[in-house]
Amino acid sequence: MEFACKHVYVPPPIEKPKRSALLPPVKKVRPRTPPPPPPTPLKELVGPLSASSASPNTLQVDQPPHHPRPRSGPPLPPRPAFLTKFPEYTEVFPSTSPLSPNSEGPPRTPCPFPPSGPTDKQPLPGNPNVMLIDLDKIVTDTNNRFIDGEPPACPACDSVLDTCYDNVVGSCYFCQSWETSGADPPISQLCSSSAPYEDSLFLLTPDQEAQVPDTLLVFCIDISGSMSITSRVQETDGLVYKSRLEFVQEALLQCVRDLSRTEHNTRVALVSFNNEVTMHGHTNVISWRIGGDDLIEGEFLKNAGLTFPTPPLISEAWDGFQAEIYGLQEGGATALGPAAAVAIGMASQLPGSKVLICTDGRANTDLGDLEAEDKDSCTLISSTIFYKDLGEYAASKGVTVSVMSFEGTDCRLDELGRLADCTGGEVVISSPEKLYSAFHRVIENRTKATHCTVTLLLPTTLCVKGEREMGHCVVRKVGNVMPHTELTLQFGLRDQKEHSQVLLSTGSVCIQLQVKYRTRDGLRMLRVITMHKEVTSNSSLVLSSLSLSVLHLNSIQNSAALALRGRLRDAQKEQETQAELIQRAVEFQQNSGYELIYPEWVKAMNPLNNIYNYTRGNPVSSLNSKSLTDKGAALLFGLKHGNRMSITPRGGDRTLSDQ
């Protein structure tokens with residue numbers, strides 16, 4: 001667990017907050033000194049007019065006349081010598097500015113800010129309170145000894161009260177509202193001052209025996225009529241023409257051949273689909289075919305895949321698998337939705353398994369139809385719900401789904417990619433010549449853990465922000481953890497007017513992270529990390545310790561998530577706000593090392609800056625936003641699930657202070 005800043009930044013309190021009408025009126029204080037006397041009237045200063053100078057026809061009134069001021073009257077007193085003609089103003093130097101050599105003054109105190117930049121007290125744009133959770137590192141770290149059994153937890157928010165089974169906390173720190181109770185939170189009981197954090201690992205299923213970590217790889221291949229389209233490629237014998245299905249067959253055989261040599265505990269299954277779905281047999285098991293009205297029953301299709309016999313290890317079934325691949329023939333419609341349900345049901349037999357869907361066109365059968373965009377928006381909405389629910393079902397079974405299509409095709413990856421989004425898979429667009437490399441890259445990303453759930457607990461004065469506004473206790477269902485899986489979260493004040501001064505008065509807060517997951521051998525684990533963070537409203541302290549890579553990753557992930565939900569303007573606004581914060585930090589540090597990271601970040605953010613170039617011309621009539629093209633969907637799904645290695649040179653993490 002890492003933070004973009006060493007402190008929890010709280011904006012300065014509002015100087016003049018609006019008073020509530022329910023509060024009693026402010027009592028007026030009577031002044032102790034009398035007010036100054038009123039000014040002298042003009043008629044007393046000038047004097048009354050003589051009777052001889054007054055005209056008999058002149059109307060006498062009490063108000064002074066509007067004609068020019070008469071010249072009669074006493075002359076003005078002479079100007080005192082000590083009064084200068086123009087006032088002299090004294091320039092007040094700030095306390096941090098150096099005094100002149102000849103002047104004398106109090107001794108200067110050392111400046112608490114780094115000498116590399118000026119003092120910055122202006123409120124910061126954006127949000128520097130960003131947390132990065134390296135799930136790959138958390139689930140694979142074996143340095144900690146685990147504790148058998150469930151830890152004691154709060155019944156209201158499930159926070160772990162004490163990691164030593166001795167609950168000494170009288171009330172839950174993360175539930176009680178300290179700003180209303182008037183008591184000091186028991187931070188010392190949660191976080192020891194001698195250690196910056198507490199880290200404990202719990203084994204929730206100590207009696208369960210470890211399972212053999214076999215995995216199942218299911219290839220779900222499109223063999224519809226569009227797979228017969230040919231492409232011209234250069235080979236040793238010259239220019240040849242190959243169909244898309246021939247490219248798929250060659251890539252499949254090469255990948256499975258590599259797996260049979262290196263991954264002996266991998267099982268491989270084959271599912272093909274056109275106007276029907278075929279589960280290809282192996283050894284003594286014949287193939288199963290599903291068609292007709294059975295293709296519209298989602299539960300029937302998942303159960304069919306679940307009951308299909310598990311294939312043997314690939315080293316034992318290589319000959320039969322090779323024959324099934326060569327026997328594929330293109331033709332018919334594209335029953336992609338039913339095939340995905342069957343493949344996911346088959347892979348759910350072994351948690352940690354993978355499904356790789358390869359297609360070159362839109363699904364056009366009743367279940368999961370994606371060709372109804374222009375004729376029936378209700379059908380498209382039902383298909384959106386179908387793929388989202390199917391992806392959540394796959395994640396609950398520990399199955400990772402990846403989707404692959406060809407360049408120049410239109411498969412509606414913005415809808416089909418929901419399968420990969422829910423399960424931690426990938427959305428890939430490849431050329432036919434590079435299909436093997438794309439297959440290999442997806443297959444080599446082994447699942448590290450399944451059923452992963454991240455829980456973040458904050459004080460009641462803070463709340464989680466970002467993709468969705470949440471409270472001080474948030475639960476994120478991650479699903480499957482792949483290599484280099486990193487999650488970022490933003491948090492900040494719940495209400496600046498009410499909680500700013502309260503949080504600053506406490507001086508520090510506790511933040512607890514819980515990661516619950518299942519290992520490859522089926523054991524349920526719980527990792528609990530509780531950290532102690534100081535609170536500050538000083539912008540200079542925050543700017544001096546910002547981690548650019550954490551801020552970059554959070555900006556990319558949040559903006560991509562907003563864009564995938566159709567909130568294109570909010571995605572650009574999020575990116576622009578965080579960019580202002582980064583630029584502010586660079587100007588404060590005055591360090592040129594940022595040039596190594598900034599171009600990579602700009603390159604990664606380019607799709608978000610030009611998001612409307614990746615949208616379709618005619619949006620669905622029932623939706624408020626434009627749908628994404630396949631290229632735009634693949635880019636955004638990749639950004640949403642990206643990591644620091646994809647935006648930082650050599651995968652290094654840099655802060656402004658250590659560049």
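Numbers for residues simply follow the sequence, beginning at 1.
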With the side chain counted from C-beta on, respond yes when [X] and [Y] share a heavy-atom pair under 4.5 Å apart, and no when they do not.
X: Val478; Y: Leu135; answer: yes
X: Leu513; Y: Val454; answer: yes
X: Lys640; Y: Gln557; answer: no

Spatial distance of atom [atom1] ([X]) from atom [atom2] ([Y]) [nearest 0.5 Å]:
X: Ile357; Y: Ser405; atom1: CD1; atom2: OG; result: 11.5 Å
X: Ser348; Y: Asn303; atom1: OG; atom2: CG; result: 9.0 Å
X: Arg257; Y: Ile314; atom1: CZ; atom2: CD1; result: 11.0 Å
X: Leu216; Y: Lys354; atom1: CG; atom2: NZ; result: 12.5 Å

If a pair satisfies salt bridge (charged side-chain N to carboxylate O under 4.0 Å, His left out) and one of its residues is in residues 314-332, list it, with sequence neighbours excluded.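 Non-adjacent pairs meeting salt bridge (charged side-chain N to carboxylate O under 4.0 Å, His left out): zero.
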Sequence neighbours excluded - salt bridge (charged side-chain N to carboxylate O under 4.0 Å, His left out) pairs with any residue from residues 391-411: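 Salt bridge (charged side-chain N to carboxylate O under 4.0 Å, His left out) check on residues 391-411 returns Arg362-Asp410, Lys388-Glu392, Asp410-Arg616.
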Partners of [X] by side-chain hydrogen bond (donor to acceptor under 3.5 Å, both in side chains), sequence neighbours excluded?
X: Asp414; answer: Arg412
X: His641; answer: Asp421
X: Gln249; answer: none
X: Lys516; answer: none

Can you list every pair that meets ring-ring contact (aromatic ring centres under 6.0 Å, His included) and has a residue in residues 314-349, with sequence neighbours left out?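 Non-adjacent pairs meeting ring-ring contact (aromatic ring centres under 6.0 Å, His included): zero.
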ring-ring contact (aromatic ring centres under 6.0 Å, His included): pairs with one or both residues in residues 385-425, sequence neighbours excluded: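 Sorted pair list comes back empty.
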Indicate yes or no for a side-chain donor-acceptor contact from [X] to the backbone of [Y] under 3.5 Å, with no hydrogens or angles considered.
X: Thr307; Y: Ala304; result: yes
X: Asp630; Y: Cys411; result: yes
X: Ser224; Y: Thr334; result: no
X: Gln349; Y: Phe308; result: yes

Above 12 or not: heavy atoms from other molecules or residues under 6.0 Å from CD1 of Ile286?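 Open: at most 12 neighbouring heavy atoms sit under 6.0 Å from CD1 of Ile286.
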Take a 6.0 Å sphere around CD of Gln329 and say whether it holds more than 12 heavy atoms from other residues, nucleotides or ligands.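 12 or below, so no.
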Would Arg644 and Glu2 count as a salt bridge (Lys or Arg N to Asp or Glu O under 4.0 Å) if you check the C-alpha gap in whole Å, the side-chain angles of each, and the deciding distance to 0.1 Å? CA-CA 12 Å; Arg644 286 174 294 179; Glu2 304 176 35; 3.2 Å; yes
Residue pair Lys137, Asp134: steps toward the salt bridge (Lys or Arg N to Asp or Glu O under 4.0 Å) verdict: CA-CA 6 Å; Lys137 183 178 180 180; Asp134 192 345; 6.0 Å; no
Thr629, Ile429, Leu636 screened by side-chain contact (heavy atoms from CB on, under 4.5 Å) with Leu413, the one that passes: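 Checked Thr629, Ile429, Leu636 against Leu413; only one passes side-chain contact (heavy atoms from CB on, under 4.5 Å): Ile429.
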Of all residues at least two apart in sequence or in a different chain, which pass the side-chain contact (heavy atoms from CB on, under 4.5 Å) check with [X]?
X: Ser272; result: Ile223, Thr278, His280, Leu328
X: Ala395; result: Thr423
X: Leu489; result: Ile133, Leu456, Arg476
X: Glu426; result: Ser402, Val428, Arg441, Val442, Asn445

Looking just at side-chain N and O atoms, do Ser226 and Asp360 make a donor-acceptor pair shorter than 3.5 Å?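 Looking only at side-chain atoms, Asp360 and Ser226 do form a donor-acceptor pair, the distance falling under 3.5 Å.
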